[in-house]
Number of protein chains: 2
Amino acid sequence: MTRPIATKTVVDAVTDDLRGRILTGSLTSAEAVTELEIATTYGVARPTAKAAIEKLVGENLLVRGTHKSARVARLGPDSVRDIYLARAYLESEILRRLATSRAVPEDAVRANADILAAASSGDLALVEPDLRFHTGLVEAAGNERIARMYSSLMSEVRLCMTRVQSLHLLNSESIHAEHSLILDAVAAGDAEGAARILDRHLATARERLAEALGE
Amino acid sequence: MTRPIATKTVVDAVTDDLRGRILTGSLTSAEAVTELEIATTYGVARPTAKAAIEKLVGENLLVRGTHKSARVARLGPDSVRDIYLARAYLESEILRRLATSRAVPEDAVRANADILAAASSGDLALVEPDLRFHTGLVEAAGNERIARMYSSLMSEVRLCMTRVQSLHLLNSESIHAEHSLILDAVAAGDAEGAARILDRHLATARERLAEALGE
DNA sequence: TTGAGTATACTTGTCAGACAATTTGAATGT
DNA sequence: ACATTCAAATTGTCTGACAAGTATACTCAA
């Protein structure tokens, strides 16, 4: 039997590494991302660097106009509200449908448990299980395109969070509690309740993040 | 005052024309789309053609593996169900929120009127106002990212429809009637009702399209 | 005749180098 | 101080080329 092996093209490798640097905050909107700079730092040709940049532009992680250098997308309060409202649209409808079938996604349950476990080890470790909780909900819908859309949103959310260092914005206990309420509502088949709780949950996070980014 | 003018790059021009050919069905999944072929037919260099193809791959209108020619995405019954379910997720939640504020989008009203007007002039002219009705609903949400997501779905929907020629699949009177019911529910503030009617509306369209594509 | 292996053509991935077009900021002159 | 011009930096696009992979046709043996 042939072991499934993954061969990445050079463009993909550069794209992935660049995306990592963006999402971890190692690359901020302060500095411009020129094609030549990327090409030299990775030791690839300029067309390759160009392709990688354009891929990330397609993911809305970079922005650039014609004949201008690319920059990491700066996400102001308005963008944050747009993103979180989009999340609310997607997730609340998903919760409604999960609730009608009383299907509680195990991934979300596990992620929520991890939130409590990570409470003691610094606030930054809290971001990851939080994101996992929500993606767990979305993946439970079993819809490929919805999942794709949501993941692109999550990239931007993560981008926001790293820009704010995301310290002290999240309270592990209250987050865990709200998540539990959502899951309980789903288990009880309370579609309306689940959607309502989620809306409040996202609204508070949204406003805190928007405020933190609104210097 | 400077009149806003749009200068399109060569890649964008090729991309737009290619997309048009795909969406009108002039380019089907029967023939392969090679970089060289695109380059020669448009009189551009191969890297330019390559960039255009990769853009369309990013829009899910073309698919291709490494070292293989691109093809127009063939959308089988499973894809159609995935797309329409995604539509249902997005649109039903939008309707709920529109209903709570009793906001009836004018664009949607106009588009629905056009459906009746176009009833006599052939079934194909019916597709366009139908799509406009639904995009009108989505744009009324005023969320940039939701609109972006939805437009990518609509590209694929249009792709499905042209592949089936979309004749006799749609009945103008019943579509108009269902749309009217939806708008009435929104105007009445009946969130649950609007979402329910839309779900049925999309479900029947989905199954008809899936059946037509399930040869 | 059939099957397996090889050889060949086609296509894409990547690179190098170059020039045009545009933006941007600085130098210049009034 | 302001407007103009100039130069540097950056991107858009092209040509040409080679490597690498895929798919098809072909040859030769059983």
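In what follows, chains carry the letters A, B, and so on, assigned in the order in which the sequence lines appear, proteins first and then strands, with residues in each chain numbered from 1.
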Got Leu126(A) and Ile175(A) here, is their nearest side-chain heavy-atom distance under 4.5 Å?
yes
Could you state the [atom1]-[atom2] distance from [X] to [N], rounded to the nearest angstrom?
| X | N | atom1 | atom2 | answer |
| --- | --- | --- | --- | --- |
| Glu54(A) | dG13(C) | CD | P | 15 Å |
| His67(B) | dT24(D) | NE2 | C1' | 18 Å |
| Glu31(B) | dT11(C) | CD | P | 14 Å |
| Leu62(B) | dT11(C) | CG | P | 16 Å |
| Leu36(B) | dA9(C) | CG | P | 16 Å |
| Tyr42(B) | dC14(D) | OH | C1' | 19 Å |
| Glu35(A) | dT23(C) | CD | P | 16 Å |

Under 3.5 Å side-chain donor-acceptor pair for Ser152(B) and Arg148(A):
no
Will you find, in the side chains of Tyr89(B) and Asn143(A), an N or O donor that is under 3.5 Å from an N or O acceptor?
no
Would the base of dG17(C) count as contacting Arg46(A) through its side chain, where contact means a donor and an acceptor less than 3.5 Å apart?
no
Ignoring hydrogens and angles, does a donor from either the side chain of Arg71(A) or the base of dT10(D) sit under 3.5 Å from an acceptor on the other?
no
Kindly say if [X] contacts the phosphate of [N], meaning a side-chain N or O under 4.0 Å from OP1 or OP2.
| X | N | answer |
| --- | --- | --- |
| Lys68(A) | dT10(D) | no |
| Ser69(A) | dT11(D) | yes |
| Thr9(B) | dT13(D) | yes |
| Arg64(A) | dT22(C) | no |
| Lys50(A) | dT11(D) | no |

Looking at the side chain of Ala45(A), which of dG13(C), dA16(C), dT11(D) is the nearest nucleotide?
dA16(C)
Exactly one of Leu62(B), Asp16(B), Val14(B), Asp12(B) should register a side-chain contact (heavy atoms from CB on, under 4.5 Å) with Lys55(B). Which one does?
Asp12(B)
Between Leu137(B) and the options Asp107(B), Leu183(B), Leu90(B), the side-chain contact (heavy atoms from CB on, under 4.5 Å) test singles out Leu183(B)
Starting at the 5' end of DNA chain C and moving along, which residue's nearest nucleotide shows up first, Thr48(A) or Thr34(B)?
Thr34(B)
